[in-house]
Amino acid sequence: MFGIRKRRRDRLKKQLMPIEWVRLIEKNVTIYKFVPDEQKDQLHGYIQVFLDEKKFEGCGGLVITDEIRLTIATQACIMILGGISDYYPSLVTILVYPHSYHAPVRDYEEGGIVTEGYEHRQGEAWDMGSIVLSWKDVKTGAKYTDGKNLVLHEFAHLLDSELGASENWHTVSNDPTYSEWSRTLSREHRQLVKMTERGESVLFDAYGATSLVEFFAVATESFFEQPNDLLRRHPVLYRQMKIFYAQDPASWVR
């Protein structure tokens, strides 16, 4: 079983990506342009494996196209170019809505009171093998390098679930330098909370102040979209993110 999958992946990774696919990616995904040329072939191979193994489903009347599949797959695969994940093994299906959608929510209050309603969302990563994305927000996030990127954010949650990034990732490595990861993430999160409470200007999306899990996701957005700003303003965090992702995007855009 695993031998068959490896041979299939190896074959896909050796295939040349269709030129029309490359042009779609160049048009839609800004950070792709910064990936070093010597890594582009590797990335193309990752993308083709990803597209072969993951199922895309359109929701709300959306018809899945190559543009949608490639825009999402490219960003997801850039994140794992360092080899930290085996193509998101828990992910089976990517559900794509044409725009933001309403999701049912249930709140539990004191006294056993349960309140049900709906929440406006752009995306979410589920524990049941699925991720949900708004195509409108995917496309906007991929176009601008402003640290607000839906695909990077939600796929960071998948990596968090897989590797325990916001909780215990440093404990699964034998390298003692990784123990600094948890302390750095917690310290930077506390700093963001304080700065947002004081109304100060911050590099990260303020949503990262809500929890350590969300902070890891927004830090990932900045790491890939604003690497030089992150390195300049949060050098210790940048170094830890560089270790985690086994990549150095600041060196791509110097």
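Everything quoted here is computed from the prediction, not taken from an experiment.
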Is the shortest side-chain heavy-atom distance between [X] and [Y] below 4.5 Å?
X: Ile84; Y: Gln247; result: no
X: Leu51; Y: Leu70; result: yes
X: Leu91; Y: Phe155; result: yes
X: Glu124; Y: Ile131; result: no
X: Phe56; Y: Ile72; result: yes
X: Cys59; Y: Tyr97; result: yes
X: Glu57; Y: Ile64; result: no
X: Trp252; Y: Val35; result: yes

Tell me if a side-chain donor or acceptor on [X] pairs with a main-chain N or O of [Y] at a distance below 3.5 Å.
X: Thr220; Y: Ala156; answer: no
X: His99; Y: Trp135; answer: no
X: Asp160; Y: Ala165; answer: yes
X: Thr71; Y: Ile68; answer: no

Under the side-chain hydrogen bond (donor to acceptor under 3.5 Å, both in side chains) test, which residues partner [X], sequence neighbours left out?
X: Asp229; answer: Arg232
X: Glu197; answer: none
X: Lys54; answer: none

task = Classify the ring geometry between Phe50 and Tyr88 as parallel (under 30°), tilted (30 to 60°) or perpendicular (over 60°).
result = perpendicular
How would you list, by chain and number, every residue that makes a salt bridge (charged side-chain N to carboxylate O under 4.0 Å, His left out) with [X], sequence neighbours excluded?
X: Arg190; answer: none
X: Arg7; answer: none
X: Glu38; answer: none
X: Asp52; answer: Arg8

Quick one: [atom1] on [X] to [atom2] on [Y], what's the gap to the nearest 0.5 Å?
X: Ile78; Y: Tyr32; atom1: CD1; atom2: OH; result: 8.5 Å
X: Gln42; Y: Ile47; atom1: CD; atom2: CD1; result: 10.5 Å
X: Leu203; Y: Met195; atom1: CG; atom2: CE; result: 9.5 Å
X: Lys33; Y: Thr145; atom1: NZ; atom2: OG1; result: 9.5 Å
X: Leu150; Y: Asp137; atom1: CG; atom2: CG; result: 6.0 Å
X: His153; Y: Leu158; atom1: NE2; atom2: CG; result: 11.0 Å

query = Can you list every pair that meets salt bridge (charged side-chain N to carboxylate O under 4.0 Å, His left out) and has a residue in residues 64-86, with sequence neighbours left out?
reply = Arg5-Asp86, Arg9-Asp86, Asp66-Arg69, Glu67-Lys139
note = Applied to residues 21-31, the salt bridge (charged side-chain N to carboxylate O under 4.0 Å, His left out) test, sequence neighbours excluded, yields none
task = Kindly say whether the aromatic ring centers of His157 and Phe216 come within a distance under 6.0 Å.
result = no
request  = Would you please indicate yes or no on a ring centroid separation below 6.0 angstrom for Phe244 and Trp181?
outcome  = yes
Just list the side-chain donor-acceptor pairs under 3.5 Å for residues 12-22, sequence neighbours left out, or say none.
none

key: Hphob cluster co-occupancy, Leu163 + Tyr46, side-chain heavy atoms under 4.5 angstrom   = yes
request  = Starting from the C-alpha separation in whole Å, work towards a yes-or-no answer on side chain to side chain contact (heavy atoms under 4.5 Å, CB included) for Leu81 and Tyr245.
outcome  = CA-CA 8 Å; Leu81 268 180; Tyr245 281 104; over 6 Å; no
task = Please assess Ile243 against Gln240 for the test side chain to side chain contact (heavy atoms under 4.5 Å, CB included), listing each intermediate value before the final yes or no.
result = CA-CA 5 Å; Ile243 292 171; Gln240 289 299 314; 4.1 Å; yes
key: Counterpart residues, side-chain contact (heavy atoms from CB on, under 4.5 Å), relative to Thr210 (two or more places apart)   = Tyr207, Glu214
inquiry  = We want to know whether Glu162 and Ser85 form a side-chain donor-acceptor pair, criterion being a heavy-atom distance below 3.5 angstrom.
reply    = yes
query = Under 3.5 Å, is there a donor-acceptor pair linking the side chains of Asn149 and Glu225?
reply = yes
task = Only counting residues at least two apart or in another chain, list the ones meeting ring-ring contact (aromatic ring centres under 6.0 Å, His included) with Tyr238.
result = Phe223
Identify the heavy atoms of [X] and [Y] that sit nearest to each other, and give their distance.
X: Val151; Y: Ala76; answer: CG1-N, 4.1 Å
X: His189; Y: Gly208; answer: CD2-O, 3.3 Å
X: Pro227; Y: Ala250; answer: CB-N, 3.5 Å
X: Val213; Y: Ser166; answer: CG2-OG, 3.4 Å
X: Leu62; Y: Pro98; answer: CB-CD, 3.9 Å
X: Val193; Y: Ala209; answer: CG2-O, 3.5 Å

query = Should we say atom NZ of Lys40 is surrounded by more than 12 heavy atoms from elsewhere, each under 6.0 Å from it?
reply = yes
message = What verdict does the side chain to side chain contact (heavy atoms under 4.5 Å, CB included) test give for Leu133 and Glu154, after you've listed the backbone C-alpha separation in whole Å, the side-chain angles of each residue and the deciding distance to 0.1 Å?
response = CA-CA 8 Å; Leu133 301 168; Glu154 298 303 336; 3.9 Å; yes
task = Take Leu230 and Gln226 through the test side chain to side chain contact (heavy atoms under 4.5 Å, CB included) and record every step on the way to the result.
result = CA-CA 6 Å; Leu230 183 63; Gln226 303 169 302; 5.6 Å; no
key: Carboxylate-amine/guanidinium contact Arg183 Glu188, below 4.0 Å   = no
